[in-house]
Amino acid sequence: EGFRESGSICDIGSVMSKPEGRSRKEIFISYGREDEVKDFVKKLKDSLEGRRLSSWLDTTDIPAGSDWHAEIGVGLQNCRALIAIITKKYISSRFCKKELYGANTDGKKIFPIIFEDFDLGANGEVGAGVKYVISDINWTFFRKGKDDFAESVAKLIDGLNAAGIKGEVEVEEENEEGEDTEDGEEEEEEEEEEEVKEEEEVKELHPRVLCDICKGAVYGTRYKCTVCPNYDLCERCKAKGRHAEHAMTAIKSPKDRCHRGFFCDICESFIYGIRYKCLKCSNYDLCWECKGKGHHSEHKMKAFQAP
């Protein structure tokens, strides 16, 4: 059912790398183990693969005799997007939620698939953490007897393509007249995208951090302004001399900022940066985002910087 009890994605991500001899899968499929869902997941994977979209699935991508927990960590670390098959069982499974929260913490693109109806209301079946992750994302519905599978797959693939996750398409080198089928600008863009992608594969991602210039995810060294609140630059924009009027602090690795072993009791994600510990409740912590939203304001909190 996904994650075993021990360890965390944060720990796995710090020691695991892309497995040798195996290609990176763009999409990680996260699901509960109901029999009906298993059949649906296989059908969905076949549909994605049929459009040259590579997807990671535990039943097909974990080699015999390997460490199940570690392999799932590798699959999550190397993917660019996570498809969450939302069912009542998924919502209640701590293993499924670990996969979802881990992908959210690491800045992966998340695509919730609604397999059955449920209540997302304040007193509904969804835990606060799941609600926090998926409530603002546009869902794709695959409900049996209500939604057309082919139409829903098309919508899902449109969303994946819009997020830059596209299938590998064979391109002819020349047309009948001997002219290139791709013009120079398109080739340059593809080369630049491939270069960025290769860099991202070897550099660490700073979860939940976006560059305030290019609005992209921050890989490698993160540059944080010492004057402006919540202002960051990626390596590329820093190299271009952007925001040079203020001194910047270089943060080499996101692992230096993670409070290992602690989860936010509201969003249930790993805690980066400042951890707020309740002085009254036993073992109750908040991340800086949930604290900033006014959660648990009835009690005093003590702030702890990341170790």
Side-chain angles (χ1 to χ4, degrees), residues 1-4 9 22-64 68-69 71-76 78-104 108-121 124-127 129-163 165-168:
E1 201 192 299
F3 270 95
R4 300 263 176 92
I9 298 170
R22 277 182 278 154
S23 61
R24 163 179 170 167
K25 300 295 180 71
E26 298 276 60
I27 304 163
F28 185 101
I29 301 178
S30 175
Y31 68 105
R33 286 302 192 92
E34 304 100 317
D35 291 337
E36 190 175 6
V37 173
K38 288 181 185 178
D39 295 336
F40 167 78
V41 167
K42 184 180 184 303
K43 184 178 179 181
L44 178 64
K45 179 178 172 64
D46 290 342
S47 296
L48 294 172
E49 298 286 351
R51 290 162 176 79
R52 297 179 178 270
L53 287 163
S54 61
S55 56
W56 190 99
L57 187 63
D58 57 353
T59 55
T60 58
D61 291 283
I62 297 181
W68 181 278
H69 178 81
E71 288 292 330
I72 288 180
V74 170
L76 278 169
N78 291 331
C79 75
R80 296 176 63 197
L82 177 136
I83 291 178
I85 315 297
I86 305 296
T87 62
K88 293 176 182 178
K89 182 177 178 64
Y90 188 98
I91 293 167
S92 62
S93 168
R94 66 178 182 276
F95 303 118
C96 292
K97 288 192 287 187
K98 275 189 177 182
E99 294 170 358
L100 180 66
Y101 301 157
N104 180 61
K108 310 293 184 181
K109 189 71 176 177
I110 294 174
F111 293 85
I113 281 181
I114 308 304
F115 187 76
E116 61 184 4
D117 290 318
F118 59 87
D119 182 9
L120 190 59
E125 300 159 353
V126 181
V130 175
K131 182 177 179 180
Y132 171 81
V133 174
I134 73 170
S135 60
D136 294 330
I137 303 174
N138 193 22
W139 304 344
T140 307
F141 291 87
F142 282 83
R143 297 164 299 178
K144 188 175 180 180
K146 292 186 176 182
D147 305 296
D148 182 78
F149 182 86
E151 290 181 2
S152 296
V153 166
K155 291 178 183 178
L156 176 62
I157 290 174
D158 285 345
L160 289 165
N161 291 342
I165 302 168
K166 302 179 180 181
E168 300 173 1

Option among F141, Y90, F142, F40 that satisfies the ring-ring contact (aromatic ring centres under 6.0 Å, His included) test with F115: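 Single ring-ring contact (aromatic ring centres under 6.0 Å, His included) partner of F115 among F141, Y90, F142, F40: F40.
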Flag if over 12 foreign heavy atoms under 6.0 Å of CG, D136: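 No, not enclosed.
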Are any of the side-chain heavy atoms of [X] and [Y] separated by less than 4.5 Å?
X: V37; Y: K89; value: no
X: D58; Y: Y31; value: yes
X: E26; Y: L53; value: no
X: V41; Y: T59; value: no
X: V153; Y: L48; value: no
X: T140; Y: F111; value: no

Distance-only, no hydrogens or angles: does the [X] side chain make a donor-acceptor pair with backbone N or O of [Y] under 3.5 Å?
X: K108; Y: C79; value: yes
X: W139; Y: I134; value: yes
X: E116; Y: K88; value: yes
X: D61; Y: L57; value: yes

Trace of the side chain to side chain donor-acceptor pair (under 3.5 Å) decision for K45 with S55: CA-CA 7 Å; K45 179 178 172 64; S55 56; 3.2 Å; yes
If you look at every heavy atom in [X] and [Y], which pair is closest and at what distance?
X: C96; Y: S30; value: O-OG, 4.1 Å
X: V133; Y: I137; value: O-CD1, 3.2 Å
X: P112; Y: I86; value: CB-CG1, 4.3 Å

Interatomic distance, [X] atom [atom1] to [Y] atom [atom2] [nearest 0.5 angstrom]:
X: L156; Y: L44; atom1: CG; atom2: CG; result: 6.5 Å
X: I110; Y: F28; atom1: CD1; atom2: CZ; result: 11.5 Å
X: S93; Y: K98; atom1: OG; atom2: NZ; result: 10.0 Å
X: I62; Y: I72; atom1: CD1; atom2: CD1; result: 4.5 Å
X: R51; Y: D46; atom1: CZ; atom2: CG; result: 11.0 Å
X: E99; Y: L76; atom1: CD; atom2: CG; result: 6.0 Å

N78 and K25: CA distance, side-chain angles, deciding distance, side chain to side chain contact (heavy atoms under 4.5 Å, CB included) verdict: CA-CA 7 Å; N78 291 331; K25 300 295 180 71; over 6 Å; no
Ion pair check, K43 and D39, cut-off under 4.0 Å: no
